[in-house]
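Please read the structure below before turning to the comments.
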Amino acid sequence: MGKSDFLSPKAIANRIKSKGLQKLRWYCQMCQKQCRDENGFKCHCMSESHQRQLLLASENPQQFMDYFSEEFRNDFLELLRRRFGTKRVHNNIVYNEYISHREHIHMNATQWETLTDFTKWLGREGLCKVDETPKGWYIQYIDRDPETIRRQLELEKKKKQDLDDEEKTAKFIEEQVRRGLEGKEQETPVFTELSRENDEEKVTFNLNKGAGSSAGATSSKSSSLGPSALKTLGSAASMRRKESSQSSAQPAKKKKKSALDEIMELEEEKKRTARTDSWLQPGIIVKIITKKLGEKYHKKKGVVKEVIDRYTAVVKMIDSGDRLKLDQTHLETVIPAPGKRILVLNGGYRGNEGILESINEKTFSATIVIETGPLKGRRVEGIQYEDISKLA
């Protein structure tokens with residue numbers, strides 16, 4: 001038969017197959033040739049070109065393995081850096097994306113037998129941060145580029161400067177409040193006893209200066225004025241009383257906010273919006289909510305002894321004393337009884353210790369009193385359950 005046509009179904013199927021990935025057992029790394037089936041791979045192994053490659057590899061097999069291992073490591077780390085940056089990601093996700101490229105270096109040609117061994121090697125060499133969870137191994141690329149390090153140092157310096165500014169502002173506000181309280185204590189009103197020298201004398205109250213002066217002028221001039229003048233004065237006094245009653249009935253105008261009040265409101269708003277996606281802190285009591293560890297640990301409480309990479313904690317069980325390494329998604333906070341000590345885990349008051357005052361079950365929130373820091377003694381309402389936890 002003649003050669004099949006370019007647009008025949010067989011030719012189209014062959015081109016489709018050649019584009020995709022084939023089975024790894026029919027791939028020759030030395031010749032970098034992918035065979036489609038077992039028969040094709042057998043024919044390739046018997047070919048002269050493959051035999052020559054085997055003779056070259058047999059002279060120095062370690063050199064070829066080192067070359068393939070270095071190529072695999074460089075391509076894997078380049079994909080991790082370019083695609084995921086410094087994010088924490090599952091190693092299987094990166095590997096699946098790496099092998100999707102048709103011309104990639106296969107792992108069976110390197111010094112690592114499994115992906116787990118390669119992940120552990122990356123952690124030992126300091127190329128990535130690795131940690132094991134019940135879901136598998138997670139890796140995080142460590143960027144050692146001088147420009148990136150310089151940028152991180154600048155960000156840390158700026159963050160530290162912002163924290164210093166916040167502390168200075170908090171101290172300034174506390175000083176202003178203290179001075180204001182001292183001034184109020186000095187201006188305490190002096191109360192005197194109500195008394196009169198003559199029993200026949202009438203006791204009068206001057207509610208406002210205008211009314212008192214008009215009353216005095218009326219009494220002084222009443223003897224020299226006629227009846228019509230008295231009527232006029234009476235009507236004028238009644239009009240004044242109506243005006244004063246209307247002015248007192250009107251709601252009091254809002255006082256203009258001072259600069260100190262505006263600064264305090266801005267600080268409160270900044271603290272309310274300062275939230276992070278990690279809440280683990282050493283010394284708090286947590287509850288295990290995952291069922292993957294069995295009924296022995298489900299719904300049991302433990303103390304966080306150490307926090308690793310912000311999202312993983314070493315928990316010591318209260319009942320058995322066992323130590324477990326868990327992700328924060330498998331844990332939840334513990335709300336104590338009112339009057340017990342707690343630690344704020346998220347929000348503007350993060351890191352401050354306090355006393356739980358009351359619990360609102362309808363809104364799933366609590367009211368606490370801060371015990372540490374420049375805001376000591378402040379009463380905070382509406383703190384969500386997940387933002388606080390009991391201290392050990």
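- Using a cutoff of 4.0 Å between basic side-chain nitrogens and carboxylate oxygens, Lys296 and Asp322 are scored as salt-bridged.
- Atom CD of Glu295 has 12 or fewer heavy atoms from other residues, nucleotides or ligands within 6.0 Å.
- Between Lys42 and Glu38 there is no salt bridge, since no side-chain N of the basic residue sits under 4.0 Å from a carboxylate O of the acidic one.
- Side-chain contact, Asp66 with Ser69: no donor N or O sits under 3.5 Å from an acceptor N or O.
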Show me the donor-acceptor pairs, under 3.5 Å and distance only, between side chains in residues 76-84 and residues at least two apart or in other chains.
| residue | atom | partner | partner atom | Å |
| --- | --- | --- | --- | --- |
| Glu78 | OE1 | Arg81 | NH2 | 3.4 |
| Glu78 | OE2 | Arg81 | NH2 | 2.8 |
| Arg83 | NE | Glu97 | OE2 | 3.0 |

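- For the pair Gln328 (side chain) and Asp277 (backbone), a donor-acceptor distance under 3.5 Å is present.
- Each of Leu345, Ile285, Val286 was scored for a side chain to side chain contact (heavy atoms under 4.5 Å, CB included) with Thr333, with one residue passing: Leu345.
- In the model, Tyr349 has no side-chain atom that pairs as donor or acceptor with a side-chain atom of Asp387 under 3.5 Å.
- There is a side-chain donor-acceptor pair under 3.5 Å between Asn360 and Thr363.
- In Gln51, the CD atom is crowded: over 12 heavy atoms of neighbouring residues, nucleotides or ligands sit closer than 6.0 Å.
- Here Arg178 pairs with Glu175 in a salt bridge; the nearest charged N to carboxylate O distance falls below 4.0 Å.
- With salt bridges taken as basic N to acidic carboxylate O contacts below 4.0 Å, one links Arg379 and Glu381.
- Closest non-hydrogen pair, Val334 versus Lys301, comes out as CG1-NZ, 4.0 Å.
- Counting only residues at least two apart or on different chains, the side chain to side chain donor-acceptor pair (under 3.5 Å) pairs with a member in residues 120-133 are Arg88-Asp131.
- Thr110 places no side-chain N or O within 3.5 Å of a backbone atom of Phe68 that could act as its donor or acceptor partner.
- A tilted orientation is assigned to the rings of Phe72 and Trp112, their planes being inclined by 30° to 60°.
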